[in-house]
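This report refers to the structure that appears directly beneath it.
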Number of protein chains: 2
Amino acid sequence: MTSLVRSVSESTVRRLSLYLRTLERLQAEGAETVASGDLADRAGTTAAQVRKDLSSFGSFGTRGLGYRVGPLHARIREILGLTRPWRVVLVGAGRIGSALFAYPHFRERGFRIEAILDSDPAKIGGVWEGVTIQSAAHLEQVLARAEAEILILAVPAGAAQELAERAAAAGVRGILNFAPVRLRLPDEVEVNNVNLAVELEALSHALVLAEVQG
Amino acid sequence: MTSLVRSVSESTVRRLSLYLRTLERLQAEGAETVASGDLADRAGTTAAQVRKDLSSFGSFGTRGLGYRVGPLHARIREILGLTRPWRVVLVGAGRIGSALFAYPHFRERGFRIEAILDSDPAKIGGVWEGVTIQSAAHLEQVLARAEAEILILAVPAGAAQELAERAAAAGVRGILNFAPVRLRLPDEVEVNNVNLAVELEALSHALVLAEVQG
DNA sequence: GCTGGCTTGTGAAAATCTTCACAAGCCAAG
DNA sequence: CTTGGCTTGTGAAGATTTTCACAAGCCAGC
């Protein structure tokens, strides 16, 4: 049996996520179909790029008409692994952790934060929307009980590596890492790093460049 | 006069930011020099990549020895535009805004959040570390008074476009956008989008792929 | 049923990015 | 001063990504 989900490039995957959001907006507007050019404009890319991206997992469009919004939305959800819920544990109940816990788009997409951990005694025992903050010392037990597949790591740089290693050993399969360090983990653990300083610095670089070049 | 800051690819810029952080760690460890291989290991790339990245803005290394940590650090700061402070205004005093305001790495790098705005009357008038939250209705005046160059946009998707347009018209040069929408703005305004849902969805895609492919 | 106007899907070309491989060169030791 | 061991800088090769351009094909209207 050939897989329903083929390998797609990293940049294509990220664009698919943008297309998904755009398609939801189109659905809300009642659109039945959308042409690659329209989807591209709304998602900030080009028509050719959209068609290439979509063609990498089969023909979904109709010539002369475009893509049917509903089926395309369903197919992208499938590609991105969003047709089933994911069990997530959040480590770090600081400000970033708090923002992520409350981020509505995560739960909309089926990412369920089953538990919250922190190492600060002042935070342990606190309750966020019915979820009690537990001690990070119990990481392994919490992960096992929750059968967590994904860890969101929102802790200071100094604590990240150790917690990530323990989570990996406890069987977590993917980590979304907000700590500004490169985690060294076994290859079978997927890591996606989000570094806010990098984002701001990329912006300041662009501004300096614009100054110099006009 | 040739520019001190040449055009470098987007991915190189992002890696430079990682190198910068690594160099700071090396400085703290008291290292005088670092070889491309070592820098690569710590930053999560390859020695050849490091050398290519660095060679794009001049020869800085010494054969047989490596790169001198201090001067390289200084040069990368210059490339990234971090040798002078940036005046930043934060729009959105929700959870993400709160996390960004408190994020220590921003102020360490010279990004100064001069003002905070929100449109929620319940938040306006509140004070965060001495900064009073003002009404988003006064966006233009606040930007002008602060002489803000960068806007951090941490508002719901529905409010982002209008605020971004107003900020652009008021002369902001760069926007770090956390709202999950594509902003349509004049070309001279630099926009860097951070979409947390994309990050988590890229991770879930990778996990599904790993399941299917072994 | 035929025609005209769109739009897809996709090979090929172009552009970009990464890796390779090695000459050039520096330092330290003797 | 010379030798040996490293490491840079960089053209060239390789890989990947994006853009181009157009044949193929669908729909609506007549």
Side-chain angles (χ1 to χ4, degrees), chain A residues 6-19 22-23 26 31-73 75-76 79 182 198 202 205-206 209, chain B residues 6-19 22-23 26 31-76 79 182 193 198 202 205-206 209:
Chain A
R6 308 236 191 97
S7 178
V8 185
S9 89
E10 173 72 16
S11 28
T12 294
V13 168
R14 301 177 76 89
R15 282 192 300 267
L16 287 179
S17 176
L18 297 176
Y19 301 157
T22 304
L23 289 168
L26 284 163
E32 284 281 321
T33 62
V34 62
S36 58
D38 189 12
L39 192 47
D41 284 349
R42 292 167 177 259
T45 178
T46 66
Q49 185 76 81
V50 166
R51 294 201 299 275
K52 248 318 189 239
D53 285 340
L54 300 185
S55 79
S56 63
F57 53 92
S59 292
F60 250 69
T62 306
R63 292 169 195 225
L65 195 64
Y67 300 87
R68 300 215 296 134
V69 172
L72 183 58
H73 178 265
R75 188 74 179 93
I76 294 180
I79 303 286
R182 178 72 39 173
V198 169
H205 168 76
L209 208 64
Chain B
R6 307 237 191 98
S7 179
V8 185
S9 88
E10 174 72 16
S11 29
T12 294
V13 169
R14 300 177 76 88
R15 281 191 299 268
L16 287 179
S17 177
L18 297 176
Y19 301 157
T22 304
L23 288 168
L26 284 162
E32 285 283 322
T33 63
V34 61
S36 57
D38 189 13
L39 192 48
D41 283 349
R42 290 165 177 259
T45 179
T46 66
Q49 184 76 79
V50 166
R51 294 202 299 275
K52 252 304 193 250
D53 285 340
L54 300 185
S55 77
S56 62
F57 52 93
S59 293
F60 252 67
T62 308
R63 292 167 195 227
L65 195 63
Y67 300 88
R68 299 216 296 134
V69 172
L72 183 57
H73 179 264
R75 189 73 179 94
I76 293 180
I79 301 286
R182 177 71 39 173
N193 295 292
V198 170
H205 168 76
L209 209 63

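So that the names make sense, note that chain A is the first sequence line, chain B the second, and so on, each numbered from 1.
- To the nearest 0.5 Å, atom OG of residue B:S17 and atom CD1 of residue B:I79 are 13.0 Å apart.
- For the pair B:D53 CG and D:dT10 C1', the computed distance is 14 Å after rounding to whole Å.
- Each of A:E10 and B:F60 was assigned the nucleotide of DNA chain D with the nearest heavy atom; the assignment lying further toward the 5' end belongs to B:F60.
- Between A:L72 atom CG and C:dG9 atom P the separation is 10 Å, expressed in whole Å.
- Summarising the geometry, the separation between CD on B:E32 and P on C:dA28 is reported as 12 Å, rounded to the nearest angstrom.
- Between A:R68 atom CZ and D:dC27 atom P there is a gap of 11 Å when expressed in whole angstrom units.
- Looking at heavy-atom distances under 4.0 Å, B:T12 makes no contact with the nucleic acid at all.
- Between A:T46 and D:dT19, a side-chain N or O to OP1/OP2 separation shorter than 4.0 Å is present.
- Atom-to-atom distance recorded for B:L26:CG and B:T33:OG1 is 9.5 Å, nearest 0.5 angstrom.
- Checking the phosphate oxygens (OP1, OP2) of C:dT8, a side-chain nitrogen or oxygen of A:S36 falls inside 4.0 Å.
- Among all heavy-atom pairs drawn from A:V198 and B:L18, the shortest one is CG2-CD2, 3.9 Å.
- If you measure from atom NZ of A:K52 to atom P of D:dT17, you get 12 Å, rounded to the nearest angstrom.
- At D:dG9, one or more side-chain N or O atoms of B:Y67 fall inside 4.0 Å of OP1 or OP2 (strictly under the cut-off).
- When each of C:dC26, D:dT10, C:dT18 is scored by its nearest atom to the side-chain atoms of B:S55, the top-ranked nucleotide is D:dT10.
- The listed nucleotides are D:dG9, C:dT19, D:dC20; the one nearest the side chain of B:A48 is C:dT19.
- Between the CZ atom of A:R51 and the P atom of C:dG9 there is a distance of 8 Å, given to the nearest Å.
- Counting distance only, with no hydrogens placed and no angle test, the side-chain atoms of B:R63 and the base atoms of D:dT8 include a donor-acceptor pair under 3.5 Å.
- Counting heavy atoms from C-beta outward, A:Y67 and A:R51 have side chains that approach closer than 4.5 Å.
- No donor-acceptor pair closer than 3.5 Å links the side chain of B:R182 to the backbone N or O of A:R42.
- Between B:Q49 atom CD and D:dT10 atom C1' there is a gap of 14 Å when expressed in whole angstrom units.
- Taking atom CG of A:L54 as the reference point, atom P of C:dT8 lies 9 Å away to the nearest angstrom.
- Nearest-nucleotide positions on DNA chain D place B:V34 closer to the 5' end than the other of A:S11 and B:V34.
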